[in-house]
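Worksheet: the structure to be examined is printed underneath.
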Amino acid sequence: MYAKVIVDVPAKQTNRGFDYLIPEALREWVAIGSRVAVPFGPRKLQGFVVELHDRPDFDPAKLKPISEVLDLYPPLTPDLVELAEWVSQTYLCHEITALQAMVPGALKAKYERHIKVGDKDLDGAHGDLLSQGQHTLLLPIEEDIIEFVRGKGSIEIGSLLSKFTSQGSLIKQMITQGQLLEVQLIKDRMSAKKVLTVFPVEQPLQLMDWAEQLPDKSKKQKQVLLYLAESPYPIKLSDLLSELNISASTVKGLADKGYLSIKEVEVQRDPYALRTFPRTVPLTLTPEQEVVFGSISQAVNELEHRVFLLHGVTGSGKTEVYLQSIQTCLDQGREAIVLVPEISLTPQMVERFKGRFGNQVAVLHSRLSQGERFDEWRKIMLKQVNVVIGARSAIFAPFTKVGLIIIDEEHESSYKQEESPKYHARDVSIARAAQHGAVVVLGSATPSLESMYGTLPEAEQTQIGSSGNPPATLRSIGNLAKPKVRFELLTMRERVEGRPLPKVHIVDMREELSEGNRSMFSRSLHKAIEDRIQKKEQIVLLLNRRGYATFVMCRSCGYVAECPHCDISLTYHQSAKTLRCHYCGYTEREATVCPSCSSEHIRHFGTGTQRVEEELGKLFPGIRVIRMDVDTTTEKGSHEKWLTLFRNQQADVLLGTQMVAKGLDFPMVTLVGALAADTVLNLPDFRAAERTFQLLTQVGGRAGRHELPGEVFIQTYTPEHYSIISASKHDYTSFMDKEMGFRKFHDYPPFHRLILITLSHEQIPLLMRSAETFAAKLKELAKSLAPVPIEILGPVASPISRIKDRYRFQCMVKYRGEASIAGLVQQAAATLSDVEKQYKLTISIDVDPQVLM
DNA sequence: AGCACGCCGACT
DNA sequence: GTCGGCGTGCTC
């Protein structure tokens with residue numbers, strides 16, 4: 001038996017399995033998914049076992065053995081290993097990168113090279129060398145080094161070199177000669193936390209006996225024994241010390257006498273340990289919820305891989321349906337994964353799950369420390385929980401019997417990871433569910449076009465899938481190779497308790513300006529704010545900072561500079577004072593007067609939350625504002641703090657960026673204002689209208705969720721835009737119809753798929769040449785695929801044309817059908833590899849990009 | 001990615 | 001004549 005190992009080197013040349021012998025002693029411990037240490041060339045590396053097999057594709061006589069198995073249990077399940085391969089082939093990343101993404105950061109290897117005194121030191125080597133007649137007297141500096149290392153036992157090579165600067169070559173020589181010994185260590189960044197714990201070793205009576213036998217001067221020791229006699233349970237050493245106000249030596253003394261024992265005990269850092277969650281019971285479902293729950297639970301019970309798209313208006317009670325569906329899944333002895341966008345993984349959300357399922361729930365989100373994260377993950381691995389709720393990466397929870405995967409707010413772009421592996425959690429979920437025969441529920445009040453598209457009958461999909469077929473070259477062809485399932489649409493149109501959706505007003509800010517109101521609050525919103533303050537009701541104000549000063553708009557007529565070829569707004573480029581389209585490269589000079597109405601009120605648009613906060617203070621003296629944006633929420637727990645403050649009505653206004661729009665539920669909020677609804681709309685992105693509709697619908701949904709009815713004001717310079725009109729009428733269907741038409745007309749997703757390739761280099765000429773070469777090569781390769789429709793746009797400069805002193809050019813591939821275009825892109829990129837190596841050109845490939853920068 | 005092996009300039 | 005520069009190529 002041999003093991004195929006993917007080693008911890010994210011490079012093209014090492015992106016394959018390497019075969020290793022499994023030493024007899026490790027045979028029991030090596031499994032698919034094991035993390036191992038292996039010799040690799042002259043060094044020792046971490047790797048993951050991805051296959052066990054009998055026939056290595058390398059001379060078995062030359063195979064090296066695995067040196068070590070790094071964990072008691074494999075951190076990855078075989079299905080995750082298979083999924084990693086699928087991820088790496090679908091999203092074009094090195095396989096090790098995909099594997100690494102599946103385990104907590106704490107398990108990422110830290111390589112340390114340590115130096116010890118070698119066995120050929122002074123005593124051992126003398127005779128040998130003397131007999132060979134060699135000069136054996138060590139130089140004084142060598143003696144110093146050896147003494148120093150001996151004193152430390154073992155020392156990190158870096159610290160040794162910094163202690164003996166400029167002795168690098170001497171030290172190297174000493175290693176070669178065996179006076180010093182190099183050992184390579186692979187360390188985890190984090191391990192299970194251990195705490196010294198004191199255990200009584202006998203019954204209370206015996207302890208009291210011992211206490212009496214102690215000499216009178218050992219007052220403290222007596223005290224400890226009596227304490228343990230009184231409560232004969234293990235206690236944390238630190239607790240015992242502070243409890244009795246004694247020092248560790250006292251307890252140590254007792255341990256030496258054998259009167260008690262001190263052991264290291266593994267403890268879990270439970271971030272929620274100090275909180276109790278009141279248990280909740282399933283609520284009675286509304287008839288609509290009942291229907292939806294029925295469909296989901298039936299599928300779960302039948303162990304069928306099906307995908308549901310649950311379209312439920314804000315406040316329709318999707319979470320309760322999730323909770324009861326999970327219960328069905330648990331009743332079957334299977335496990336459930338719940339994904340929520342990072343931003344809405346609030347304590348409130350956690351509370352609902354912990355309240356229903358208690359300590360069967362693990363929570364994974366980025367605000368946990370690395371150690372806390374590791375412990376939550378460990379609970380999953382050790383099967384101490386059967387529900388996990390978390391952000392994107394929780395889809396890789398090492399469960400073995402997944403029955404249900406829920407993706408809440410499935411339209412959120414944060415499900416797409418922007419770093420390698422650039423996976424989309426929604427598509428990975430479906431792949432993982434296929435492996436387990438599990439049910440997927442995609443929930444949203446504003447489903448993405450991709451997901452709606454998935455519900456269409458195949459004929460209408462024009463034979464295109466949004467997630468594509470897995471490549472046929474997977475090591476083990478499992479359920480991942482099965483064809484994509486069609487999504488089933490479930491709908492909930494009513495809010496619970498028959499509460500009405502809020503009334504939405506569209507405010508035309510052009511009119512405000514023409515009537516002399518230059519403030520960022522329209523007269524009607526101003527009045528509404530006054531009204532709520534007086535009634536002691538609460539207000540949520542949304543100001544999206546994204547798009548800050550990137551687009552140009554006329555404040556008189558609402559004209560926005562658009563690309564004549566692409567129907568998207570142009571990006572303002574500060575450096576050259578030009579407007580550019582980053583799809584096709586079209587460029588025009590920045591206008592000083594509006595080309596449409598000749599007004600001079602044309603400018604870069606954008607304003608910050610800070611300014612709004614100031615103005616609120618001026619307009620409404622005494623108003624209590626909580627501002628939530630990246631500046632005020634970076635500190636750990638601050639997010640929670642602000643929300644609690646607002647919940648307790650210690651503020652009148654919650655002002656913030658997108659983070660105030662998602663999933664919050666405050667009974668006293670009756671007014672919501674979107675101050676500049678256009679900011680997202682004018683981003684140079686074909687999804688701008690979709691994002692605007694989603695954002696306005698979501699933020700509007702914060703109002704009037706309880707007894708008090710809600711009201712929403714949308715301030716805009718483009719009140720006639722269909723995304724704004726549809727949002728104001730709560731009319732998802734008409735928005736979807738229009739947007740689908742737009743996408744289809746322009747060959748955008750979901751009708752076509754995209755791959756974004758970004759090349760970067762320090763020098764523009766070389767970069768442009770490489771980009772051209774790449775595009776030409778890709779076009780040539782694409783010809784072989786005819787008649788598959790494939791279009792290659794660019795190369796053009798990226799919207800962010802330089803990052804960290806590197807210029808960026810991009811190409812966009814638009815295609816239809818299931819052909820493996822990703823493979824072609826990789827091939828075309830490979831033809832550049834020699835140039836790449838020589839001149840440090842980098843190529844990044846994003847399959848199904850969400851952000852086109 | 002490292003790290004070693006291997007072939008050309010400034011020093012004892 | 002050697003130490004050392006970093007260009008190519010391999011790692012089971």
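In the text below, chain A, chain B and the rest are named by the order of the sequence lines, each starting its count at 1. This is a predicted model, so every value here is computed, not measured.
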For this session: Specify whether A/Tyr91 and A/Tyr423 have parallel, tilted or perpendicular ring planes, treating 30° as the upper limit for parallel and 60° as the lower limit for perpendicular.
Result: perpendicular
Exercise. From the list B/dA1, C/dC12, B/dA4, which nucleotide is the closest neighbour of the side chain of A/Pro42?
Worked result: B/dA4
Exercise. Just by modelled atom types, is the A/Val9 backbone N or O under 3.5 Å from a matching donor or acceptor in the A/Thr14 side chain?
Worked result: yes
Exercise. Any idea how A/Phe40 and A/Phe18 line up, ring-wise: parallel (<30°), tilted (30 to 60°), or perpendicular (>60°)?
Worked result: perpendicular
Exercise. With respect to the side chain of A/Thr14, which nucleotide from C/dC12, C/dT11, B/dC3 is positioned closest?
Worked result: C/dT11
Exercise. A/Leu63 has an atom CG; how far is it from atom C1' of C/dT11, in whole Å?
Worked result: 13 Å
For this session: Verify the stacking flag for A/Phe58 against C/dC12: centroid separation must be under 5.5 angstrom and the ring planes must differ by under 30 degrees.
Result: yes
Exercise. Is the shortest side-chain N/O distance from A/Arg43 to OP1 or OP2 of B/dC3 below 4.0 Å?
Worked result: no
Exercise. Under 4.0 angstrom, heavy atoms only, what part of the nucleic acid is A/Pro39 near: base, sugar-phosphate, or nothing?
Worked result: sugar-phosphate
Exercise. Within less than 4.0 Å of OP1 or OP2 of C/dC12, is there a side-chain N or O belonging to A/Lys62?
Worked result: no
For this session: Measure the spacing between CE of A/Met812 and CG of A/Leu852 and express it to the nearest 0.5 Å.
Result: 4.5 Å
Exercise. Using a cut-off of 4.0 Å on non-hydrogen atoms, how would the nucleic acid contact of A/Tyr20 be classed: base, sugar-phosphate, or nothing?
Worked result: sugar-phosphate
